[in-house]
Amino acid sequence: MKKLIIAEKPSVAKNIADATASSRRNGYFEGQNYIITWAFGHLLQLYDARDYDPEMRSWKIEKFPYIPEKFLYKIKSDGKNKDKPDSGVVQQMDIIKSLMERSDVEGIISATDDDREGQIIADEIINYISPQKPVERILLNEWTAEEVNRGLQNLKPNEEMKSLQDAGFGRQIADWLIGINLTSVATLKYRNQKNIRLLNVGRVLMPTLKIIYDRDKEIADFKVTKYYKLKGIFQTEDKKKFDSIYYIKAGEKFDNPEELKEIQEKIKDKNGEVVSKKITNKKEYPPYLFNLSGLQGYITSKYKGWTSDRVLKTAQQLYEKKFITYPRTASVVLDESLKEKTAKVLNIHKKSCPYEEMIQFKSTKRIFDSKKVESHSAIIPTYMQPGSLNESERIVYEAVKNRFLAQFMPIAVAEDTVLHIKMQNTDIPGEFVAKGKVQLEAGWKLIEGIDAKETILPAVKKGDVLKINTLEQLRDLDENSDQLNSELLDIIAETLSCEQKEITEIEPLKKGMTNRSFRFRCGEKRYIMRVPGEGTDKMINRSQEYDVYQVIGPKGICDPVRYMSKEKGYKITEFLEGARNCDAENENDVKACMKYLR
């Protein structure tokens, strides 16, 4: 007897076939113990509203909201003709069905990606065909032969994935309800006023657009303000000079240049005394291992012309070629169960590194912490070393490998020096501050190729009297906010609460949005445009026909929501709140949302 394995795509099926010594057939692989076939993404989709009710082919506002009693699935529609099923999908579904029904197939193994989306790709097919055979789940972070065979010996009953199934199906249904109902009502409500043919509304799309719109508006409303600083150049007895900045309690920025001019006159030809010298040895730890948004941000900021989408596609190629672990992860640490495997991978890769003697395996919470792993561990190389890579693959692979090796290099150490200099014989309230930095140990920075930016101060000590050589006013402008780019949007999608960054205006997104490709939903609908920039693209709200957010903002989309609630009696506002939070894998969170979907 054999088991049928369903992979998410042909390339993954090929990896499993290689690991299980299976041979190619028409639409599947077959070996002694396993048959391996594949999907190519979602082979099924939810019914359109018109599939339930032919009258829904035409939109009339009194028909909405439309909520079917039961959500049904059909074979994915053809891309050019939505009234017909995709012929390639029909063919593959027939192959899968025939394999499931074979008398020598005793069970089914779901081998799709270990995440919410991957879970339901296989579950949709199994539920649709309903083979009445036991279903198991293989959960892997990489598709090397060693991991595949290990995973096949540690299968889980698919029933144990119930929370992940609910989260995946719940999000799918939420997207349908929001997209079908609010797109229809918003388009009907505003098209006559604004000459809109179609106004797309989506759970992910609209909050993203709001972020971009708000940033654009902030830039447009920004008023430039000038400020001034006072730079003092001091000189030691042995003629060594160094820069400093004048500070008072409020800081170093002054609105009135006359105030600084008065200070300049008071301290002209005066000496300064070093009233304190503080030296601190600072440990500089390597950045955490990459998750997807971290990898995207690193590459797009370092290499001109890269977008986050290009990074994702390249990482996915490396994953399917078995050179890196699963890239669509939110974690920056590894599960503690991976220590032995990680040590093995490290020993393989450090041999090709010029700093091999400095690399030593260590087990710390910065690297291994199961409590901080969300479904998948951070991205690291596998034990397989690539023979040849194209330029894009090389850039991404080297970034992943070097960040991995950096974790096991010595900690970098820098010496920070701060001098406080008080001017003698004067009553000015502030003092000059000089800051220096010297890299004592480069450590992991060697492998990341980071040049230490040193500012070397002369050897002075507390009590030394210094001559002020030059006084100079510096004029600058308050910086406007940057336009959002792919990297920043990735950070928003990743952190949501934005504790690590300075953005604080995204309260509506703190829950329910973890799709890291969400910005492209807006791009596809032409709500935003890309402007080539240094290292990444700017994301700007640029709808040519209308200002989208003015139409569907607080005075826009709220109107049809209230209309549907009042006229139809559905709790649409409650549903929207629940749907926004429907990304959780927690069963209670899913149930809280699902009660509005039934």
Side-chain angles (χ1 to χ4, degrees), residues 141-142 281-303 306 311 314-315 318-319 323-327 329-336 338-370 372-373 376-386 389 392-416 437-454 487 490-491 494 500 535:
N141 207 38
E142 61 186 68
N281 282 359
K282 182 181 177 182
K283 291 183 178 180
E284 297 175 318
Y285 292 90
Y288 282 99
L289 290 165
F290 284 125
N291 59 13
L292 178 58
S293 63
L295 179 62
Q296 289 171 320
Y298 177 82
I299 298 293
T300 56
S301 62
K302 187 173 182 179
Y303 297 99
W306 279 76
V311 178
T314 305
L318 291 168
Y319 166 65
F323 296 139
I324 65 172
T325 57
Y326 186 66
T329 175
S331 305
V332 295
V333 292
L334 302 174
D335 191 87
E336 291 165 23
L338 299 177
K339 290 180 182 180
E340 184 177 342
K341 189 180 85 169
T342 302
K344 175 183 174 181
V345 172
L346 181 67
N347 287 333
I348 290 171
H349 287 286
K350 76 177 186 178
K351 291 177 182 177
S352 59
C353 177
Y355 310 108
E356 178 182 358
E357 294 182 0
M358 301 174 67
I359 298 173
Q360 299 293 328
F361 178 80
K362 55 188 174 184
S363 175
T364 68
K365 287 293 184 181
R366 284 184 58 86
I367 305 172
F368 300 98
D369 191 345
S370 298
K372 295 181 179 179
V373 173
H376 294 277
S377 291
I379 308 168
I380 64 171
T382 68
Y383 65 82
M384 297 184 66
Q385 295 180 293
L389 298 171
S392 294
E393 290 172 336
R394 184 195 64 78
I395 287 172
V396 174
Y397 182 76
E398 288 294 324
V400 172
K401 185 183 74 171
N402 289 341
R403 179 60 59 87
F404 172 69
L405 293 175
Q407 307 305 308
F408 304 99
M409 290 277 287
I411 297 168
V413 180
E415 181 184 87
D416 291 338
K437 180 177 181 178
V438 177
Q439 194 75 53
L440 300 180
E441 297 176 29
W444 61 267
K445 293 185 178 183
L446 292 170
I447 206 163
E448 288 269 10
I450 298 174
D451 294 327
K453 296 179 180 179
E454 295 188 339
E487 177 186 356
D490 281 326
I491 292 168
E494 177 65 39
Q500 303 170 14

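Just so you know, these numbers come straight off a predicted model, no measurement behind them. These values consider heavy atoms only, across backbone and side chains, with no hydrogens, waters or symmetry-generated copies.
- Side-chain contact between Pro287 and Tyr298 is absent, with no heavy-atom pair separated by less than 4.5 Å.
- For the atom pair Glu398 CD and Ile299 CD1, the distance stands at 10.5 Å (nearest 0.5 Å).
- In this structure, Ile379 and Asn291 have side chains that are not in contact, with every pair of non-hydrogen atoms separated by 4.5 Å or more.
- The salt bridge (charged side-chain N to carboxylate O under 4.0 Å, His left out) contacts involving residues 343-356 comprise Glu146-Lys344, where partners must be two or more places apart or lie in separate chains.
- In this structure, OG1 on Thr329 lies 6.5 Å from NE2 on His376, to the nearest 0.5 angstrom.
- Side-chain N/O atoms of Gln439 and Glu415 include no donor and acceptor closer than 3.5 Å.
- Listed by chain and residue number, Arg403 satisfy the salt bridge (charged side-chain N to carboxylate O under 4.0 Å, His left out) test with Glu448 (two or more places apart in sequence, or in another chain).
- Gln385 has its side chain within reach of Ile348: a pair of non-hydrogen atoms, C-beta onward, lies under 4.5 Å apart.
- The number of heavy-atom neighbours closer than 6.0 Å to NZ of Lys365, taken from other residues, nucleotides and ligands shown, is above 12.
- Residues Leu334 and Val373 form no side-chain contact, since every pair of their non-hydrogen atoms from C-beta on lies 4.5 Å or further apart.
- When side chains are defined from C-beta on, His349 counts as touching Leu405, because their heavy atoms get closer than 4.5 Å.
- Summarising the geometry, atom NZ belonging to Lys339 is positioned 14.5 Å from atom CG belonging to Leu346; distances are rounded to the nearest 0.5 Å.
- For the atom pair OG (Ser377) and CD1 (Ile367), the distance works out to 12.5 Å, reported to the nearest 0.5 Å.
- In this structure the side chain of Pro386 reaches within 4.5 angstrom of the side chain of Tyr397, judged on heavy atoms.
- Every residue meeting the ring pair (Phe, Tyr, Trp, His ring centres under 6.0 Å) condition with Phe408, not counting sequence neighbours, appears here in chain and number order: Phe361, Phe404.
- Distance check: Ile380 CD1 to Lys401 NZ gives 14.0 Å after rounding to the nearest 0.5 Å.
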